[in-house]
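Take a look at the structure set out below.
Along the sequence shown, the residues carry numbers beginning at 1. Quick caveat: nothing in here was measured; it's all calculated off a predicted structure.
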Amino acid sequence: MATAGLMACLTGLANEPQSKAGQETFQFAKDDWPWWRGPHRNGEAAADQSPPLTWSDTKNVVWKVEIPGKGHGSPILVGDRVFLLTAEHDSEFQSVLCHDRKSGKQLWKTELHQGGLNLKGNTKSTLANSTMACDGERVFATFLHDGAIYASALDLEGKQLWQTKITDYILHQGFGSSPTVYGPLLIVSADNKGSGAIAGLDRKTGEIVWKQGRPKLPNYTSPIILHVAGKDQLIFSGCNLVTSFEPLTGEKLWEIKGSTEECVTSTVTDGQLIYTSGGYPRNHLSAIRADGSGETAWENGSRVYVPSMLHKDGYLYAVLDAGVAICWKSDTGEEKWKQRIEGTFSASPVLVGDKIFATNETGTTYIFKATPEGFEDLGENKLEDEAFATPTICGNRIYFRVASLKHGHRQELLYCLSEDK
């Protein structure tokens, strides 16, 4: 754990708004990516970096390694380490993998669960869909195992510290919610047709500090904490609701009927409005005031079901599941432009400065400019045959979890791409 990035995690969160007095916060190094959607939980990477704009399976490859099993969770990076989850169907192991950031070498593998794998559900899903989280001392994983959702903590050498059952889980499409760290808590959600729940756990002990029941409906969103309407709020959409919780106590701040039943995307904000979207049983995108008034500023029927959106400088950017890039004025919903791009999209786009990186399910990444003036194509690159995990972009490098499909065999790979090797 003697790396600058890991030690820095213990001192306060860079550029994050301070919430309550005395709240424990973290400081990550600029080149770290500690949880789903990055340090600011919004898909925005550090703007002052220069990731490659061109690549292939041989060009601008720093390293690539084979990953056992199958998973759609993104890699997280803290200090000199890369962490991700996987599920091996043959051996029925669900595991945490740790790789060296510089070389890609596997440092350790910890098996958290064996057996009890339910391979039903959506054919695109896996039993390792979640992205991990890290607080600088521990890494956290959530798995659907043997009909229940479990959260686990490991130290940085792979030793399991605790494991807590969150709730029983009735499988529908799959389980895809990623945990997040906030102050002393690990926050986990598990909406499903049975005893759905969202909970805050003591990240040192795994003890459940607060827990809120949820409607008996399937839903796949991750808990996202945003500084909006002047305070930190845990925003959660789906089950025909949009709900705001106080993240440290679980107190319900406000709740409105809205969104739709099944959502996947993670909410983003402009500081006053939050933007939620869903795709079943109807396509729905809405801009909601987060002050508790219950007012919806605007909405439309765009199908932004799986890839999460981005907000920059008063504009909202999205890639529709069916392969359309689109830009709206974020306060009014006025459409500024839209452009067809090829493929079906599950991975979420990532913003780096004024560039958006959007990867489709066949491993093609489109790079275009985040501008309301019109679609400006900056590049297109193909990597292997399948990509469902959102790429991680930090430290001038792109970390891609992809799969090769050759001769009837599927092999997952983790790539590190950079122009500076």
Side-chain angles (χ1 to χ4, degrees), residues 35-36 41 71-73 76 83 85-87 93-96 110-118 120-121 125-135 138-154 160-225 234-239 241 243 245-252 262-264 266:
W35 42 60
W36 168 238
R41 315 178 204 271
H72 294 337
I76 63 167
F83 304 97
L85 302 182
T86 193
F93 280 118
Q94 292 172 299
S95 306
V96 177
T110 298
E111 296 158 348
L112 290 178
H113 305 285
Q114 185 179 25
L117 300 191
N118 187 341
K120 297 179 181 179
S125 185
T126 77
L127 288 162
N129 293 324
S130 301
T131 295
M132 300 184 69
C134 180
D135 68 358
R138 309 162 196 85
V139 287
F140 304 98
T142 50
F143 277 115
L144 164 60
H145 170 72
D146 200 20
I149 303 303
Y150 292 88
S152 304
L154 295 80
Q160 183 176 319
L161 301 174
W162 55 257
Q163 186 171 97
T164 300
K165 179 180 175 180
I166 305 302
T167 185
D168 292 330
Y169 192 89
I170 297 175
L171 178 66
H172 180 53
Q173 302 275 12
F175 173 71
S177 175
S178 298
T180 196
V181 170
Y182 184 82
L185 301 181
L186 178 75
I187 300 177
V188 179
S189 63
D191 280 352
N192 68 97
K193 291 182 176 181
S195 54
I198 183 167
L201 284 64
D202 184 312
R203 57 185 173 80
K204 295 181 180 180
T205 67
E207 177 185 357
I208 294 177
V209 176
W210 63 261
K211 185 175 180 179
Q212 289 274 11
R214 296 280 293 164
K216 294 183 177 181
L217 291 169
N219 185 46
Y220 311 100
T221 47
S222 299
I224 292 292
I225 295 103
L234 167 55
I235 304 294
F236 205 64
S237 62
C239 301
L241 299 168
T243 308
F245 298 98
E246 204 295 320
L248 289 178
T249 66
E251 174 193 358
K252 193 177 291 185
E262 293 185 25
C263 301
V264 179
S266 296

Go through the steps for Arg41 and Trp36 under the test side chain to side chain contact (heavy atoms under 4.5 Å, CB included), then give the verdict.
CA-CA 6 Å; Arg41 315 178 204 271; Trp36 168 238; over 6 Å; no
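In this structure, Val96 and Leu85 have side chains that are in contact, with non-hydrogen atoms separated by less than 4.5 Å. Proximity of Ile208 to Thr164: side-chain heavy atoms (C-beta onward) are separated by under 4.5 Å at one or more points. Within the 4.5 Å cutoff, side-chain heavy atoms of Phe236 are placed close to those of Ile198. The shortest side-chain heavy-atom distance between Phe140 and Val188 does not fall under the 4.5 Å cut-off. When side chains are defined from C-beta on, Tyr182 does not count as touching Arg203, because their heavy atoms never get closer than 4.5 Å. Residues Arg138 and Leu161 are in side-chain contact: their nearest non-hydrogen atoms beyond the backbone lie under 4.5 Å apart. Looking only at side-chain heavy atoms (C-beta outward), Leu171 and Lys120 come within less than 4.5 Å of each other. Under the 4.5 Å side-chain criterion, counting only non-hydrogen atoms from C-beta, Leu248 is in contact with Glu246.
A donor-acceptor distance shorter than 3.5 angstrom exists from the side chain of Thr221 to the backbone of Ser237, with no hydrogens or angles considered. Distance alone, capped at 3.5 Å, places no donor-acceptor pair between the Asn129 side chain and the Leu127 backbone. At least one donor-acceptor pair closer than 3.5 Å links the side chain of Ser178 to the backbone N or O of Thr131.
Interatomic distance, OG1 of Thr243 versus CZ of Arg214, reported as 5.0 Å (0.5 Å rounding). Distance CD/Glu207 to CG/Leu185: 10.5 Å, rounded to 0.5 Å. Distance CG/Asn219 to CD/Gln173: 11.0 Å, rounded to 0.5 Å. Atoms CG and NZ, from Asp191 and Lys216 in turn, are 13.0 Å apart once rounded to the nearest 0.5 Å. For the atom pair Ile76 CD1 and Trp35 CH2, the distance stands at 9.5 Å (nearest 0.5 Å). A distance of 6.0 Å separates CZ of Phe143 from CG of Leu112, quoted to the nearest 0.5 Å.
Counting all heavy atoms, side chain and backbone alike, Ala151 lies closest to Leu201 at CB-CD2, 4.1 Å. Pairing each heavy atom of Gln94 with each of Ala87, the nearest pair is CG-CB, 4.1 Å. When all heavy atoms of Phe175 and Ser130 are compared, the pair lying nearest together is CE2-OG, 3.5 Å. Shown here for Ala133 and Pro179, the closest heavy-atom pair between the two residues is CB-O, 3.8 Å. Looking at every heavy atom in both residues, Leu144 comes nearest to Tyr169 through CD1-CD2, 3.7 Å. Here the shortest heavy-atom pairing between Ile187 and Pro247 reads CD1-O, 3.8 Å.
Between Phe93 and His113, the ring center distance fails the sub-6.0 Å criterion.
There is no side-chain donor-acceptor pair under 3.5 Å between Ser222 and Ser266. Between the side chains of Gln114 and His145, no donor-acceptor pair is found at a separation under 3.5 Å.
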